[in-house]
Undergrad: 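First, the structure itself, so that you have it in front of you.
Keep in mind that this is a model prediction, so the values were computed, not measured. Convention: sequence-line order gives letters A, B, ...; per-chain numbering from 1.
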Amino acid sequence: GAGVSQSPSNKVTEKGKDVELRCDPISGHTALYWYRQSLGQGLEFLIYFQGNSAPDKSGLPSDRFSAERTGGSVSTLTIQRTQQEDSAVYLCASSYDRASNYGYTFGSGTRLTVV
Amino acid sequence: AQSVTQLGSHVSVSEGALVLLRCNYSSSVPPYLFWYVQYPNQGLQLLLKYTTGATLVKGINGFEAEFKKSETSFHLTKPSAHMSDAAEYFCAVSAYSSASKIIFGSGTRLSIRP
């Protein structure tokens with residue numbers, strides 16, 4: 001596609017429910033990143049994919065968080081048993097090969113609210 | 001390891017005045033540096049980047065930044081602020097590595113006074 005697409009744009013869920021957030025990167029971008037942006041905070045790195053593998057998942061805050069990428073394209077971030085502290089904007093970005101050379105292209109994010 | 005410090009969580013300038021947003025970085029290897037802008041309810045957009053070569057980098061919307069190795073700084077400037085520049089600005093650092101991710105600062109909110 002022309003840009004990075006994320007869905008849903010907004011999600012309200014009850015505490016304890018599972019949620020899935022989707023990211024569709026720019027066609028041909030091999031690198032894909034998930035970040036979390038809490039209110040008034042900077043961007044917190046979650047996980048990085050190169051193709052379908054995740055060489056760096058050091059930012060996932062707990063084992064309730066997982067992510068996968070299939071076909072070198074779409075990625076899904078899953079949060080199990082959501083907690084109120086999971087409320088944030090989840091941003092996906094993609095890059096042609098190494099982000100350090102090209103920078104990222106970001107999606108508009110998914111705003112997750114856990115009530 | 002890399003890290004970024006943005007000095008000032010909120011900066012307010014008058015329309016037409018100089019914009020200066022400060023960023024200092026820490027990196028154990030030569031850094032790649034970025035500035036991103038985030039308008040309300042939107043994703044982040046790349047303003048400019050420094051990888052190698054000329055240390056003064058020009059970006060979109062009249063912004064520029066200068067890489068100063070001796071000061072470990074990458075401050076963002078614009079000679080004359082416009083109302084449309086009001087946004088959140090993020091400085092970021094990365095390094096060329098096999099698992100390259102970009103580390104972001106905590107952001108600076110820029111307000112423009114009429």
Undergrad: Where on A/Ser53 is there a heavy atom nearer than 4.5 Å to chain B: the side chain, the backbone, both, or neither?
TA: neither
Undergrad: Under 4.5 Å heavy-atom distance to chain A, tell me which part of B/Gln6 shows up: side chain, backbone, both or neither.
TA: neither
Undergrad: Is A/Phe49 linked to B/Ile103 within one hydrophobic cluster, defined over Ile, Leu, Val, Met, Phe, Trp and Tyr using a side-chain heavy-atom separation of less than 4.5 Å?
TA: no
Undergrad: Count I, L, V, M, F, W, Y as connected when their side-chain heavy atoms are under 4.5 Å apart, and connections chain through other members. Are A/Tyr90 and A/Phe45 then in the same cluster?
TA: no
Undergrad: Please classify the contact between A/Glu44 and chain B as side chain, backbone, both or neither, with a heavy-atom cut-off of under 4.5 Å.
TA: neither
Undergrad: Is there a path from B/Tyr50 to B/Leu21 through hydrophobic residues (I, L, V, M, F, W, Y) whose side chains come within less than 4.5 Å of each other?
TA: yes
Undergrad: Does A/Trp34 belong to the same Ile/Leu/Val/Met/Phe/Trp/Tyr cluster as B/Phe34, with side-chain heavy atoms less than 4.5 Å apart forming each link?
TA: no
Undergrad: Measuring from atom OH of A/Tyr104 to atom NZ of B/Lys101, what distance do you get when rounded to the nearest 0.5 angstrom?
TA: 8.5 Å
Undergrad: Can you tell which part of A/Leu43 gets under 4.5 Å to a heavy atom of chain B, answering side chain, backbone, both or neither?
TA: both
Undergrad: Applying the ring pair (Phe, Tyr, Trp, His ring centres under 6.0 Å) test to A/Phe106, which of B/Tyr36, B/Phe90, B/Tyr39 qualifies?
TA: B/Tyr36
Undergrad: Should we count CD of A/Glu14 as having more than 12 external heavy atoms under 6.0 Å?
TA: no
Undergrad: Is it possible for you to say whether B/Met83 and B/Ile60 belong to one hydrophobic cluster, with membership spreading through side-chain heavy-atom contacts below 4.5 Å?
TA: yes
Undergrad: Counting heavy-atom pairs under 4.5 Å with chain A, which one of B/Gln38, B/Gln45, B/Arg109, B/Gln42 comes out on top?
TA: B/Gln38
Undergrad: Relative to the ring of A/Tyr35, is the ring of B/Phe104 parallel (under 30°), tilted (30 to 60°) or perpendicular (over 60°)?
TA: perpendicular
Undergrad: Tell me, for B/Leu46 versus chain A, whether the close heavy atoms (under 4.5 Å) come from the side chain, the backbone, both or neither.
TA: side chain
